**Student:** 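The structure under discussion is supplied below as C-alpha cells; questions concerning it will follow.
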Amino acid sequence: MEAFVRETGRAVVIPNDNINTDIILPKQFLKNILKTGFGKDLFFDWRYNADGSLNEAFELNKPAHQGASILITGNDFGSGSSREHAVWALTDYGFRAVIGGGFSDIFYMNSTKNGLLPIVLPEENRKILRDVQADENIQIDLPEQTVTYKNYTFHFDINSQWKEKFINGEDDIDNTMKYEKLIAAFEKQRPNFG
C-alpha cells in the first residue's frame, strides 16, 4: 500500500447522499479480481450516456477535474454491497481520499485496507469545501488529522492503528509480516499431525 502522510491535490465535488457501491462501480464490472483497471468504469452510469459516449456534464468528465485526487461527497457514501471493487475503482482512478458525511462500515474498512483515506467531516465543513474550484488545492495532513482549504482548517478523527498503517504504507499483510520470526518459531515448535 502506498504511504499516505500528506496529500495536496485538486478535488472533485459529487455532493449526492447515499451513493452506494453499485453506483460507484456497477455489478457488471466485478469479474476482474485484480485491483487495477477499474478506474475507467468508476461511476459508469453517471459518466457515460446510454450510447457509450461521455456524459460531458458529469464532474469527472470535465477537463478541469482530470487528475483530481480528493473526492468530496455527501452522507452515507459506499452503502450497499460489500464489494471491495468499489474502492479499487476509486483508487485506480487516482483518488487518494474521500471526504464525506459518513460511510458504510464495510466500505470504510475496505478503504482503510486499500489505501483510500476515508474522512468524515460534518456538513458545515463540507459546505465550505464544496466551494473548491477546479484550479484550487485542498491539503490533507494525516499526522495532524486536518483538512485545509484556503484559510479553513478542519480536524477529523481516525483510529490510531489505521492512521499508523496509512502513514507507514502498510496493509494487513505487512503488519502480519512484522511477526514473521515469531510465526516461524511457533511453526517449528508445533507438533506435526500430518
Side-chain angles (χ1 to χ4, degrees), residues 1-49 52 54-55 58-63 65-121 126 138 140 142 147 156 158-159 161-177:
M1 186 166 91
E2 183 181 348
F4 190 120
V5 179
R6 287 174 192 82
E7 176 71 18
T8 299
R10 292 181 294 113
V12 174
V13 178
I14 303 176
N16 306 51
D17 292 333
N18 305 311
I19 297 177
N20 64 42
T21 53
D22 199 45
I23 293 170
I24 297 168
L25 187 72
K27 63 188 175 305
Q28 66 265 32
F29 302 110
L30 302 181
K31 296 174 186 171
N32 182 358
I33 59 169
L34 303 174
K35 294 183 178 185
T36 61
F38 294 104
K40 64 184 179 356
D41 303 318
L42 178 65
F43 296 116
F44 186 85
D45 293 334
W46 291 353
R47 283 178 66 196
Y48 300 96
N49 296 313
L54 281 178
N55 172 2
F58 187 63
E59 292 301 314
L60 289 188
N61 293 337
K62 294 179 179 177
H65 290 302
Q66 299 307 301
S69 61
I70 300 167
L71 176 62
I72 300 168
T73 189
N75 293 313
D76 198 25
F77 188 83
S79 59
S81 75
S82 61
R83 65 186 71 161
E84 201 168 13
H85 297 69
V87 172
W88 297 347
L90 288 159
T91 58
D92 190 58
Y93 183 82
F95 288 116
R96 303 260 302 147
V98 178
I99 300 172
F103 301 90
S104 79
D105 292 341
I106 293 172
F107 180 87
Y108 189 94
M109 291 307 300
N110 284 341
S111 295
T112 65
K113 293 176 183 298
N114 287 282
L116 180 68
L117 182 62
I119 297 174
V120 176
L121 288 178
R126 287 179 292 118
I138 290 176
I140 299 168
L142 184 52
V147 175
F156 64 90
I158 185 169
N159 175 288
Q161 290 178 325
W162 300 332
K163 178 180 174 178
E164 183 179 334
K165 285 181 184 181
F166 272 101
I167 290 171
N168 295 324
E170 297 173 340
D171 61 20
D172 290 342
I173 294 171
D174 294 320
N175 282 337
T176 301
M177 295 310 292

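We use all heavy atoms of the structure for the numbers below, so side chains are in, but hydrogens, waters and symmetry mates are not. Keep in mind that what you see is a predicted model, and the values were worked out from it rather than measured.
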**Student:** For G78, does its backbone N or O pair with a side-chain atom of S104 as donor and acceptor, under 3.5 Å?
**Tutor:** yes
**Student:** Should the heavy atoms of other residues, nucleotides or ligands under 6.0 Å from CG of N175 be counted, would the total exceed 12?
**Tutor:**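 More than 12 within 6.0 Å, yes.
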**Student:** Between Y108 and P118, which heavy-atom pair has the shortest distance, and what is it?
**Tutor:**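 Nearest heavy atoms, Y108 then P118: CE1-CG, 3.4 Å.
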**Student:** If I take atom NZ from residue K113 and atom CE from residue M1, how far apart are they, to the nearest 0.5 angstrom?
**Tutor:**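 With rounding to 0.5 Å, NZ (K113) is 10.0 Å from CE (M1).
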**Student:** Could you state the interatomic distance from CG (N20) to CD1 (I23), rounded to the nearest 0.5 Å?
**Tutor:** 4.0 Å
**Student:** Do the side chains of I24 and F43 get nearer than 4.5 Å, heavy atoms only?
**Tutor:**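 Answer yes - side chains close enough.
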**Student:** Could you walk me through whether L142 and V5 satisfy the side chain to side chain contact (heavy atoms under 4.5 Å, CB included) test, starting with their C-alpha distance in whole Å, then the side-chain angles of each, then the deciding distance to 0.1 Å, before giving a yes or no?
**Tutor:** CA-CA 5 Å; L142 184 52; V5 179; 5.8 Å; no
**Student:** Counting only heavy atoms not in K27, do more than 12 sit closer than 6.0 Å to its NZ atom?
**Tutor:**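 Counting other residues, nucleotides and ligands, NZ of K27 stays at 12 neighbours or fewer.
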**Student:** Determine whether D76 and D17 make a side-chain contact, defined as any pair of heavy atoms from C-beta on separated by less than 4.5 Å.
**Tutor:** no
**Student:** At what distance, to the nearest 0.5 angstrom, does CG of D172 lie from CG of N114?
**Tutor:**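 Here the interatomic distance stands at 9.5 Å.
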**Student:** Look at the side chain of R47 and the backbone N and O of L54, then say whether any donor-acceptor pair between them is shorter than 3.5 Å.
**Tutor:** no
**Student:** Tell me whether Q161 at atom CD has more than 12 heavy atoms from other residues, nucleotides or ligands lying less than 6.0 Å away.
**Tutor:** no
**Student:** A side-chain contact here means heavy atoms from C-beta on lying under 4.5 Å apart; do N110 and R83 qualify?
**Tutor:** no
**Student:** Which distance, rounded to the nearest 0.5 Å, do you find between the CG of N61 and the OH of Y48?
**Tutor:**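 That separation rounds to 6.5 Å.
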**Student:** Under the criterion side-chain contact (heavy atoms from CB on, under 4.5 Å), which of N75, T73, V98, L71 is the partner of I19?
**Tutor:** T73
**Student:** Shortest non-hydrogen contact from I140 to A97?
**Tutor:**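 Scanning both residues completely, I find the closest heavy atoms to be CD1-CB, 3.5 Å.
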**Student:** Answer yes or no: is there a donor N or O on one side and an acceptor on the other, between the side chain of R126 and the main chain of I72, under 3.5 Å?
**Tutor:**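 No.
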**Student:** Using a 4.5 Å cut-off on heavy atoms from C-beta on, say whether the side chain of L42 contacts that of L90.
**Tutor:** yes
**Student:** Using a 4.5 Å cut-off on heavy atoms from C-beta on, say whether the side chain of M109 contacts that of W162.
**Tutor:** yes
**Student:** Taking it one step at a time, do F58 and I14 satisfy side chain to side chain contact (heavy atoms under 4.5 Å, CB included)?
**Tutor:** CA-CA 9 Å; F58 187 63; I14 303 176; 3.7 Å; yes
**Student:** Is there a side-chain contact between V87 and F107 in this structure, where contact means two heavy atoms from C-beta onward sitting under 4.5 Å apart?
**Tutor:**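 The answer is yes; the side chains approach within 4.5 Å.
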**Student:** Are F156 and I99 side-chain neighbours, meaning at least one heavy-atom pair lies under 4.5 Å?
**Tutor:** no
**Student:** Heavy-atom distance under 4.5 Å between the side chains of F38 and H85, does that happen here?
**Tutor:** yes
**Student:** Would you give the length of the straight line joining atom CZ of F44 to atom CG of N55, rounded to the nearest 0.5 angstrom?
**Tutor:**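 Atom-to-atom, F44:CZ and N55:CG are 11.5 Å apart.
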**Student:** Would you say the side-chain atoms of T21 pair up with the backbone N or O of S81, donor to acceptor, closer than 3.5 Å?
**Tutor:**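 Such a contact is found between T21 side chain and S81 backbone.
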**Student:** Can you give me the closest heavy-atom contact between V12 and A68, atom names plus distance?
**Tutor:**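 Closest heavy-atom pair between V12 and A68: CG2-CB, 3.4 Å.
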**Student:** What heavy-atom pair brings N168 and A3 nearest, and what distance separates the two atoms?
**Tutor:** C-CB, 4.2 Å
**Student:** Hey, is the main chain of L60 close enough, under 3.5 Å, to the side chain of Q66 for a donor-acceptor pair?
**Tutor:** yes
**Student:** Between atom CD1 of I158 and atom NZ of K163, what is the distance when rounded to the nearest 0.5 Å?
**Tutor:** 8.0 Å
**Student:** Any idea which heavy atoms bring S82 and I106 closest together, and the distance?
**Tutor:**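 Distance-wise, the nearest heavy atoms are CB-CG2, 3.5 Å.
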**Student:** Can you name the nearest heavy-atom pair linking D92 to T36, along with the distance?
**Tutor:**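 Looking at all heavy atoms of both residues, the closest pair is OD1-CA, 3.7 Å.
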